Amino acid sequence: MLDLKSHVRTIPDYPKPGILFYDIGTLLGHGAAWRETIERFSDIVSPLKPDKLIGIESRGFLVGASLAAHMGIGFAMVRKKGKLPGKTIACSYALEYGEDTIEMQEGILSPGDKVVLCDDLLATGGTASAALALARQAGVQIIHAAFIIELDFLGGRKRLDVPTTSLLHYSE
């Protein structure tokens, strides 16, 4: 079993001073580590028997699409407003300073689908919580949320109302 944490690079003061960025680029760049990441996720998510996965722009696409392909199920993208073609459904949510909106293509999820949210990182939980609300607008049942990294000290898990799993935890 590989130590996945050793394949996550931290970059201080990115994207702005005082932020420590947890970069999965180095994890993606190591084939065996990325394969093991997806296999560990599959061990968690496959028993739940979801119909589809959703992933949040942009690194959540890498996690969710890789896992969906591994499991042989569909995947839906959650993107920032104006980035998806065709009809979309939207959800606006509060940021520390202002508001943002995410969207998903209308009809990509079917009412009653059992869905798992996948992303690379759970921090404050704002975007993940909005993604759950967006998926519920489509009439689906969100059964789980799965993340590679969780920054426990930011308390994002408290904002999610579904069972949540993270492979790697950071306490500071």
Side-chain angles (χ1 to χ4, degrees), residues 2-38 40-41 44-45 53-69 75-85 88-105 108 115-137 142 144-162 164-172:
L2 290 173
D3 174 15
L4 297 181
K5 260 190 182 180
S6 70
H7 295 283
V8 175
R9 176 174 60 165
T10 55
I11 302 173
D13 299 319
Y14 182 82
K16 60 185 181 179
I19 302 291
L20 181 61
F21 186 83
Y22 293 82
D23 181 22
I24 66 161
T26 47
L27 182 64
L28 287 162
H30 190 279
W34 185 246
R35 181 177 53 244
E36 184 156 329
T37 300
I38 296 306
R40 287 188 197 179
F41 265 130
I44 294 161
V45 175
L53 306 179
I54 60 173
I56 302 169
E57 182 174 352
S58 64
R59 290 175 300 276
F61 295 174
L62 302 169
V63 178
S66 294
L67 181 58
F75 173 76
M77 298 179 287
V78 173
R79 296 202 70 185
K80 293 178 183 171
K81 184 177 178 148
K83 300 287 186 180
L84 291 169
T88 60
I89 56 174
C91 179
S92 295
Y93 62 103
L95 298 170
E96 187 175 352
Y97 299 104
E99 187 177 272
D100 206 353
T101 300
I102 54 175
E103 296 179 324
M104 184 173 15
Q105 290 172 307
I108 200 87
V115 175
V116 173
L117 169 68
C118 300
D119 204 4
D120 70 317
L121 183 118
L122 176 59
T124 64
T127 305
S129 179
L132 296 177
L134 178 63
R136 287 186 178 117
Q137 285 182 45
I142 304 291
H144 204 87
F147 302 88
I148 295 174
I149 297 167
E150 183 171 348
L151 305 180
D152 297 327
F153 58 95
L154 293 177
R157 181 181 289 254
K158 293 176 191 169
R159 294 184 71 178
L160 306 183
D161 60 355
V162 297
T164 302
T165 302
S166 301
L167 297 179
L168 307 175
H169 292 267
Y170 291 85
S171 58
E172 56 182 61

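Every value quoted in this text rests on a predicted model; they were computed, and no experiment measured them.
Pairs of residues two or more places apart, or lying in two chains, that qualify as salt bridge (charged side-chain N to carboxylate O under 4.0 Å, His left out) and include a residue from residues 117-133 are Arg59-Asp120.
Side-chain contact between Ile56 and Leu117: present, with at least one pair of heavy atoms (C-beta onward) separated by less than 4.5 Å. The closest side-chain heavy-atom distance from Leu53 to Val115 is not below 4.5 Å. Counting only heavy atoms from C-beta outward, the side chains of Leu168 and Phe147 never approach each other to under 4.5 Å. A heavy-atom distance below 4.5 Å is not found between the side chains of Glu103 and Ile89.
Remark: Thr127 pairs with Tyr93 by the side chain to side chain donor-acceptor pair (under 3.5 Å) rule, at least two apart or across chains. Residues passing the side-chain contact (heavy atoms from CB on, under 4.5 Å) test with Ala65, sequence neighbours excluded: Phe75. Checked against side-chain contact (heavy atoms from CB on, under 4.5 Å), Ile44 has the following partners two or more places apart in sequence or in another chain: His144, Thr165, Leu167. Remark: Thr26 pairs with Arg9 by the side-chain contact (heavy atoms from CB on, under 4.5 Å) rule, at least two apart or across chains. Under the ring-ring contact (aromatic ring centres under 6.0 Å, His included) criterion, Phe61 pairs with no residue at all, not counting sequence neighbours. For Tyr14, the ring-ring contact (aromatic ring centres under 6.0 Å, His included) partners are Phe21, not counting sequence neighbours. When the side chain to side chain donor-acceptor pair (under 3.5 Å) test is applied to Ser58, no partner is found at least two apart in sequence or on another chain. Residues forming a side-chain contact (heavy atoms from CB on, under 4.5 Å) with Ser6 (at least two apart in sequence, or on another chain): Asp3. The salt bridge (Lys or Arg N to Asp or Glu O under 4.0 Å) test applied to Asp152 returns no partner, not counting sequence neighbours.
Heavy atoms of other residues, nucleotides or ligands lying less than 6.0 angstrom from NZ of Lys5 number more than 12.
Here NZ of Lys81 is found 12.5 Å from CD1 of Ile102. Values are rounded to the nearest 0.5 Å.
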For residues 154-161, run the donor-acceptor check on the side chains, cut-off 3.5 Å, and write out each pair with its distance to 0.1 Å, sequence neighbours left out.
from	atom 1	to	atom 2	distance (Å)
Arg157	NE	Glu150	OE1	3.4
Arg157	NE	Glu150	OE2	3.1
Arg157	NH1	Thr164	O	2.8
Arg157	NH2	Glu150	OE1	2.7
Asp161	OD1	Arg136	NH1	3.2
Asp161	OD1	Arg136	NH2	2.9
Asp161	OD2	Arg136	NH1	3.3

Side-chain donor/acceptor pairs under 3.5 Å, residues 28-35, sequence neighbours excluded:
from	atom 1	to	atom 2	distance (Å)
His30	ND1	Ala33	N	3.1

Exercise. Assess whether ring pair (Phe, Tyr, Trp, His ring centres under 6.0 Å) is satisfied between Phe153 and Tyr170, documenting all intermediate values.
Key: CA-CA 8 Å; Phe153 58 95; Tyr170 291 85; 8.7 Å; no

